[in-house]
Amino acid sequence: MTKLGLYLAQKSVNKSEVARKTGLSKARMNELTLNERSHLRADELYLIALAIDVRPVDLLEYVCGGIRLMGQ
(Lines give C-alpha, C1' and ligand atoms only; values in the text may rest on other atoms or scores of the structure.)
Protein backbone atom coordinates (compact mmCIF):
# COMPACT_ATOMS: atom_id res chain seq x y z
CA MET A 1 0.00 0.00 0.00
CA THR A 2 1.21 3.51 -0.79
CA LYS A 3 1.39 6.42 1.65
CA LEU A 4 -1.71 7.84 -0.04
CA GLY A 5 -3.45 4.50 0.50
CA LEU A 6 -2.46 4.48 4.17
CA TYR A 7 -3.69 8.05 4.61
CA LEU A 8 -7.06 7.29 3.05
CA ALA A 9 -7.42 4.08 5.07
CA GLN A 10 -6.65 5.91 8.33
CA LYS A 11 -9.33 8.46 7.48
CA SER A 12 -11.80 5.68 6.46
CA VAL A 13 -12.20 7.30 3.04
CA ASN A 14 -14.28 5.55 0.38
CA LYS A 15 -12.07 5.43 -2.74
CA SER A 16 -15.06 5.03 -5.05
CA GLU A 17 -16.55 8.24 -3.69
CA VAL A 18 -13.23 10.05 -4.16
CA ALA A 19 -13.03 8.75 -7.73
CA ARG A 20 -16.54 10.04 -8.43
CA LYS A 21 -15.86 13.47 -6.92
CA THR A 22 -12.48 13.95 -8.61
CA GLY A 23 -13.20 12.42 -12.00
CA LEU A 24 -10.36 9.94 -11.54
CA SER A 25 -11.19 6.39 -12.53
CA LYS A 26 -11.55 3.69 -9.89
CA ALA A 27 -8.64 1.91 -11.55
CA ARG A 28 -6.45 5.01 -11.18
CA MET A 29 -7.44 5.37 -7.51
CA ASN A 30 -6.52 1.73 -6.92
CA GLU A 31 -3.19 2.24 -8.67
CA LEU A 32 -2.41 5.34 -6.60
CA THR A 33 -3.29 3.65 -3.32
CA LEU A 34 -1.89 0.16 -3.89
CA ASN A 35 1.02 0.37 -6.34
CA GLU A 36 4.25 1.80 -4.89
CA ARG A 37 5.53 2.44 -8.42
CA SER A 38 2.62 4.70 -9.35
CA HIS A 39 3.36 8.40 -9.64
CA LEU A 40 0.86 10.73 -8.01
CA ARG A 41 0.57 13.92 -10.04
CA ALA A 42 0.15 17.28 -8.32
CA ASP A 43 -3.27 17.85 -9.89
CA GLU A 44 -4.46 14.44 -8.66
CA LEU A 45 -3.22 15.13 -5.12
CA TYR A 46 -4.97 18.50 -5.15
CA LEU A 47 -8.28 17.02 -6.33
CA ILE A 48 -8.11 14.17 -3.81
CA ALA A 49 -7.44 16.63 -0.98
CA LEU A 50 -10.43 18.72 -1.99
CA ALA A 51 -12.63 15.61 -2.25
CA ILE A 52 -11.75 14.46 1.28
CA ASP A 53 -11.91 17.98 2.71
CA VAL A 54 -8.29 18.34 3.83
CA ARG A 55 -5.80 21.04 3.00
CA PRO A 56 -3.76 20.00 -0.05
CA VAL A 57 -0.54 20.97 1.75
CA ASP A 58 -1.37 18.60 4.62
CA LEU A 59 -1.85 15.69 2.23
CA LEU A 60 1.32 16.64 0.36
CA GLU A 61 3.34 16.71 3.59
CA TYR A 62 2.02 13.30 4.59
CA VAL A 63 2.66 11.68 1.20
CA CYS A 64 6.04 13.33 0.55
CA GLY A 65 7.25 13.96 4.10
CA GLY A 66 10.13 11.50 3.90
CA ILE A 67 11.73 13.02 0.80
CA ARG A 68 14.95 14.88 1.53
CA LEU A 69 17.49 16.87 -0.48
CA MET A 70 20.74 15.12 -1.33
CA GLY A 71 23.28 15.40 1.47
CA GLN A 72 20.75 16.20 4.18
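Residue numbers start at 1 and run along the sequence shown.
Considering only residues two or more places apart in sequence or on other chains, Thr2 meets the side chain to side chain donor-acceptor pair (under 3.5 Å) condition with none of them. Under the side chain to side chain donor-acceptor pair (under 3.5 Å) criterion, Asn35 pairs with no residue at all, not counting sequence neighbours.
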Name the atoms and distances for all side-chain donor-acceptor pairs under 3.5 Å in residues 44-54, with sequence neighbours left out.
from	atom 1	to	atom 2	distance (Å)
Glu44	OE1	Arg28	NH2	2.9
Glu44	OE1	Arg41	N	3.0
Glu44	OE2	Arg28	NE	2.8
Glu44	OE2	Arg28	NH2	3.2
Glu44	OE2	Arg41	NH1	3.4

Donor-acceptor pairs under 3.5 Å, side chain of residues 57-66 to any protein atom, not counting sequence neighbours: which ones?
from	atom 1	to	atom 2	distance (Å)
Asp58	OD1	Arg55	NH2	3.2
Asp58	OD2	Arg55	NE	3.1

In a table with atom names and distances, give each donor-acceptor pair under 3.5 Å that connects a side chain of residues 6-14 to protein atoms at least two apart or in another chain.
from	atom 1	to	atom 2	distance (Å)
Asn14	OD1	Ser16	N	2.8
Asn14	OD1	Glu17	N	3.0

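Annotation: the span from Glu31 atom CD to Arg37 atom CZ amounts to 12.0 Å, rounded to 0.5 Å. Interatomic distance, Asp43 CG to Leu24 CG, rounded to the nearest 0.5 Å: 8.0 Å.
Across all their heavy atoms, Ala19 and Met29 have their closest contact at CB-CG, 3.8 Å. For the pair Met1 and Glu36, the tightest heavy-atom approach, listed with the atom from each and the gap, is O-OE2, 2.6 Å.
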